[in-house]
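Structure first, then comments.
Letters A, B, ... are given to chains in the order of the sequence lines, protein chains preceding strands, and every chain is numbered from 1.
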Amino acid sequence: MELATKYNPSEVEGKWYQYWLDNKFFASKPDGREPYTIVIPPPNVTGVLHMGHMLNNTIQDILIRKARLDGKNACWVPGTDHASIATEAKVVNRLAEQGIKKLDLTREEFLKHAWDWTHEHGGIILKQLRRLGASCDWDRTSFTMDQVRSESVLRVFCDLYDKGLIYRGLRMVNWDPKAQTALSNIEVIYREEKSKLYHLKYYVADPENLEIPENTDNIIHKDERGYYAVVATTRPETIMGDTAMCINPKDPKNQWLKGHKVIVPLVGRVIPVIEDRYVDIEFGTGCLKVTPAHDVNDYNLGKTHNLETIDIFNPDGTISQAAGMYVGMDRTDVRRQIAVDLQEAGLMDHIEDYENKVGYSERNPDVAVEPRLCMQWYLSMKHFAEIALPPVLEGKIKFHPQKYVTTYRNWLENIDDWCISRQLWWGHRIPAYYIETKPLSDSPEGEEERFVVALTEEEAYKKALEKYPDLKALPSGSGEGGWTLRHDEDALDTWFSSWLWPISLFDGINNPGNEEIKYYYPTADLVTGPDIIFFWVARMIMAGEEYLGDVPFRNVYFTGIVRDSLGRKMSKQLGNSPDPIGLIDKYGADGVRMGMLLAAPAGNDILFDEALCEQGRNFCNKMWNAFRLIKGWESADIQQPSLNSHAIAWMQARIRTDVAEINDLYGKYRLNEALMAVFKLFTDEFSGWYLEMIKPEYDRDRNCPKPLDKATLDATLDIFGQLMQVIHPFMPFITEELYQHITERKEGESIMISTLKLDAPSELDAKLIAIYEEGKQVISGVRAVRQQKNISPREPLVLEAPQIADGVAVLLSDTVIKMAGLSEIKLVDRKSEGTQSFLVGTDEYAVPLGSLIDTDAEIRKAEAEIQRLQGFKTGIEKKLGNERFVQNAPAQVVELERKKLSDAESKIAALQETIKSLKG
RNA sequence: GGGCAAUUAGCGCAGCUGGUUCAGAGCAUCUCCCUUACAAGGAGAGGGUCGGGGGUUCGAAUCCCUCAUUGCCCACCA
């Protein structure tokens, strides 16, 4: 069969992936082997693959495949995340396109739409991962909202509630007015923004009592309408909610305002001037307007000073009835309008440009978050911080790179309670049931709520009766005087299910101590981005410690962000995000995998460039052609030349040595370096040197290569197979293809499940490698001479080598002759005249060139080299002349310097000799 | 405002606890070669005062101080 000169991935990849699936090579069951588990960071169920996923999952696949080759029971569990806010937003948008409003639907109707959407788009991303070669155990595919995972979430909620760690609280939360839900603190992203600082006039309401101090530091504003204070604010639209003005009691500028009242501009409300040290004297005028309903700090001031709270916003960010003005307008429009109105009313002192930070919703990045006071569910974090800190600080979990340990610690040491309720329908419904004996007030400050937390409604009834014995006297049901349960409308934060992922995937919550959780937990490695260290990584550690008393993983490998070659983040707007599947079509999955990884040192951002995929594709081609070469050789029952047996020994030594290093790099998660080492081993050592060494001559009579001795061919096939195994984790498809060719596969075999057992490199290996390295230098030396003199590689040359019994010219003479295209190697005491020479170490080699030699140029070259060496020499002499160096430096180092000196001297001597002979 | 990291060849990076793996590979660049596996290839070559300045030391890319630049994270200054 004729093989194409280029590797064609598209012919190969689909075939092998199916073969792997058919043979269930990805499947894992608990057995006696050592487990190696990875749980996938679940992508959004309706998401599509982007470059970040490509990187992340390539790394996971490499680790999993490596573990499999090492004989471990590798289990990579895939799945998707319901991503409540993101998905619900998408569903709402789609409904809107159809003219349907969410609020017009019942919860059940909405959820039906959401599930339809999920089934329609769900799992596309997992299909895409197959193209990449991801060797997930697909039978285990899970979803954060499937039955097992959902039950786990509810059980955990009930359990934590029973433990007193979950509570309901009226707090200032971050409110997303578009999604109309609360967010946790870490879901808010602060962005620096150009805005305005509005300086508003708050006239003193009781000027008759004002005592104007003289000759003081007070700064007093007055115009024809009277005395006023200037308040600087970025949010003039909140003045309807002002219930006080606050100054710092020590502020010399504003002493005159103490104890007075001021009038809120436009609104006309008279509010007190309160004093609190919270106020920064330096900022603005030192006067702060206090809006307890719409700012966390103001809320706190309101609490300490017993201020009234006026909530001027509706949940969707429009102005509420309570504001009394601008009712129904959107907050952003009001800001514009009120600025105009204030100007016109003469209540605006001035406006200046200002930069401040505005919080945006992580999932709705164009929506500014509104602080809002409402009742939410919280998970108390003190306990979790305490259990999650030690495993990381003590190194039971290792972070790669390590610098994230500090980040992790800082966060846990300053952690806020976790707001876990979301006013969404798509998600796990909070298993709380309110007892309704009469219509409940909607007001958050309504009377004390009565509720129970239970896994099912049935259980909730029982619990209700236990908790509130008075209910026993009442008839159950919605009838006259009866009582019913109202299921909490809210859903849980998505991360409240994700944090259980390494446990819930093995059903360790519902079914504690089951065989799978015992076997697979803790998992080995987690591969994820540093952006979710708090959202996910930290919380998994909390859940793991809480529910299994053990860490969820041993290592966390933080990948960088994939950027374009200019260092910009990939984004749809910029259009700089390549389509991963398109890339795979173009370069093959193996090529793309290599391209991704080459640019990806652990923890650094990766600057992705398609050219890197080209390099990956080229490497595939290199392997393919090396295989074609070997495949074309016939074997014959002839004596094995010593050149070949030596080359085999050397190549094997090389493999042992390099694989040891590669394994070490794996251990340090320096996968890009491991890949580089793999690449060089194959391209340089194997293809560039080894294959060329043993390559049989061409038989012109038969028009094909001469046969190769069987022993060498067999050994070469073995070596090739080993190399495929070493490369396989990085490039699974082509290595499988070539491995199968090499081994004449039988059905059911695969490189995936093969094992590679190599001895540790020995001292002998090191020696062998050193000899060959020197031999390579001699060969390169001759090639360089050819290059300089423009001599064809096919023209045989003679090499004069120094008389050294164990020198490479003797030990590797056959190899050097073949590789350098020599007719012979002459061992000489003195090189002859008319040669071009080069040094390898301190040994001088010479190629006689007769008339080709340019004597003058050679002399100039030698003189330049002598000069360089002289400089080198004087440097060392100076060092050795320094008594303190000789006294203080270790003997070894001093000895080395001496050797350098003598080497330099002998090199200089040799060069002078050369010049002499050239001058003849 | 606090913290962390980075700064080494045109580019993206490696250089572990100070001394032969010390100034490195890869890509890119340049030169030559369509040699019977591979031009998606081969052979060869050039290229860096290790961000600036100071210090410690016999000796610093490596340790310390300082400045500069960049990036990231955290934080309620309106």
Identified pairing partner of [N], criterion: Watson-Crick or G-U wobble below 3.5 Å:
{"N": "B:C30", "answer": "B:G44"}
{"N": "B:G1", "answer": "B:C74"}
{"N": "B:G12", "answer": "none"}
{"N": "B:U69", "answer": "B:A6"}
{"N": "B:U21", "answer": "none"}

> Step by step, would you call A:Phe838 with A:Tyr845 a ring-ring contact (aromatic ring centres under 6.0 Å, His included)?
Replying inline: CA-CA 5 Å; A:Phe838 58 88; A:Tyr845 294 82; 5.7 Å; yes

Of the options [options], whose atoms approach the side-chain atoms of [X] most closely?
{"X": "A:Asn888", "options": "B:G42, B:A25, B:C58", "result": "B:C58"}
{"X": "A:Lys680", "options": "B:G42, B:U35, B:A25", "result": "B:A25"}
{"X": "A:Arg783", "options": "B:G44, B:C58, B:U35", "result": "B:G44"}
{"X": "A:Ala889", "options": "B:G44, B:G19, B:A37", "result": "B:G19"}
{"X": "A:Arg670", "options": "B:A43, B:C58, B:A14", "result": "B:A14"}
{"X": "A:Asn703", "options": "B:C38, B:G44, B:U36", "result": "B:U36"}
{"X": "A:Lys622", "options": "B:G44, B:G26, B:C38", "result": "B:C38"}
{"X": "A:Asn625", "options": "B:A37, B:A43, B:C58", "result": "B:A37"}

>> So that I know where these two stand, are A:Tyr408 and A:Tyr404 an aromatic pair - ring centroids less than 6.0 Å apart?
In response: no

> Is the ring centre of A:Phe682 less than 6.0 Å from the ring centre of A:Phe730?
Replying inline: no

When we call it a touch if two heavy atoms are under 4.0 Å apart, what does [X] touch: a base, just sugar-phosphate, or nothing?
{"X": "A:Ser687", "value": "base"}
{"X": "A:Arg617", "value": "base"}
{"X": "A:Glu692", "value": "base"}

Salt bridge or not for [X] and [Y], using N-O below 4.0 Å?
{"X": "A:Lys706", "Y": "A:Asp699", "answer": "no"}
{"X": "A:Lys776", "Y": "A:Glu685", "answer": "yes"}
{"X": "A:Arg331", "Y": "A:Glu370", "answer": "yes"}
{"X": "A:Glu634", "Y": "A:Arg702", "answer": "yes"}

> What is the minimum heavy-atom distance between A:Asn248 and A:Arg277, and which atoms define it?
Replying inline: ND2-O, 3.5 Å

> Closest approach of A:Val279 and A:Cys246, non-hydrogen atoms and distance?
Replying inline: CG2-SG, 3.5 Å

Set out, line by line, the N/O atom pairs under 3.5 Å between protein and nucleotides 74-78 of chain B.
unit_1 : atom_1 : unit_2   : atom_2 : d
B:A75  : N6     : A:Lys357 : NZ     : 2.4
B:C76  : O2'    : A:Asn297 : ND2    : 2.9
B:C76  : N1     : A:Asn297 : OD1    : 3.2
B:C76  : O2     : A:Asn297 : OD1    : 2.5
B:C76  : O2     : A:Asn297 : ND2    : 3.4
B:C77  : O2     : A:Asp280 : OD2    : 2.9
B:C77  : N3     : A:Asp280 : OD2    : 2.4
B:A78  : OP2    : A:Tyr354 : OH     : 3.0
B:A78  : N6     : A:Asp280 : O      : 3.0
B:A78  : N6     : A:Phe283 : O      : 3.1
B:A78  : N1     : A:Asp280 : N      : 3.4

>> With nearest nucleotide decided by heavy atoms, which residue, A:Gln615 or A:Tyr698, maps closer to the 5′ end of RNA chain B?
In response: A:Gln615

>> With nearest nucleotide decided by heavy atoms, which residue, A:Asn790 or A:Ala611, maps closer to the 5′ end of RNA chain B?
In response: A:Ala611

[atom1] gap between [N] and [M], integer Å:
{"N": "B:C65", "M": "B:G71", "atom1": "P", "value": "24 Å"}
{"N": "B:U8", "M": "B:A61", "atom1": "P", "value": "15 Å"}
{"N": "B:G2", "M": "B:C76", "atom1": "C1'", "value": "15 Å"}
{"N": "B:A40", "M": "B:A28", "atom1": "P", "value": "12 Å"}
{"N": "B:G53", "M": "B:A60", "atom1": "C1'", "value": "15 Å"}
{"N": "B:G18", "M": "B:C30", "atom1": "C1'", "value": "37 Å"}
{"N": "B:C50", "M": "B:U62", "atom1": "C1'", "value": "10 Å"}
{"N": "B:C73", "M": "B:U56", "atom1": "C1'", "value": "33 Å"}

> Can B:U8 be described as syn, meaning its chi torsion is within 90° of 0, or is it anti?
Replying inline: anti

> Take atom CD in A:Glu883; do more than 12 heavy atoms of anything else shown fall under 6.0 Å from it?
Replying inline: no

How many whole angstroms separate atom [atom1] of [X] from atom [atom2] of [N]?
{"X": "A:Lys695", "N": "B:G41", "atom1": "NZ", "atom2": "C1'", "value": "11 Å"}
{"X": "A:Trp633", "N": "B:U36", "atom1": "CH2", "atom2": "C1'", "value": "13 Å"}
{"X": "A:Asp609", "N": "B:G26", "atom1": "CG", "atom2": "P", "value": "18 Å"}
{"X": "A:Glu673", "N": "B:G24", "atom1": "CD", "atom2": "P", "value": "17 Å"}
{"X": "A:Asp684", "N": "B:C38", "atom1": "CG", "atom2": "C1'", "value": "15 Å"}

> Does any donor-acceptor pair link the side chain of A:Lys403 with the base of B:C4 at a separation under 3.5 Å?
Replying inline: no

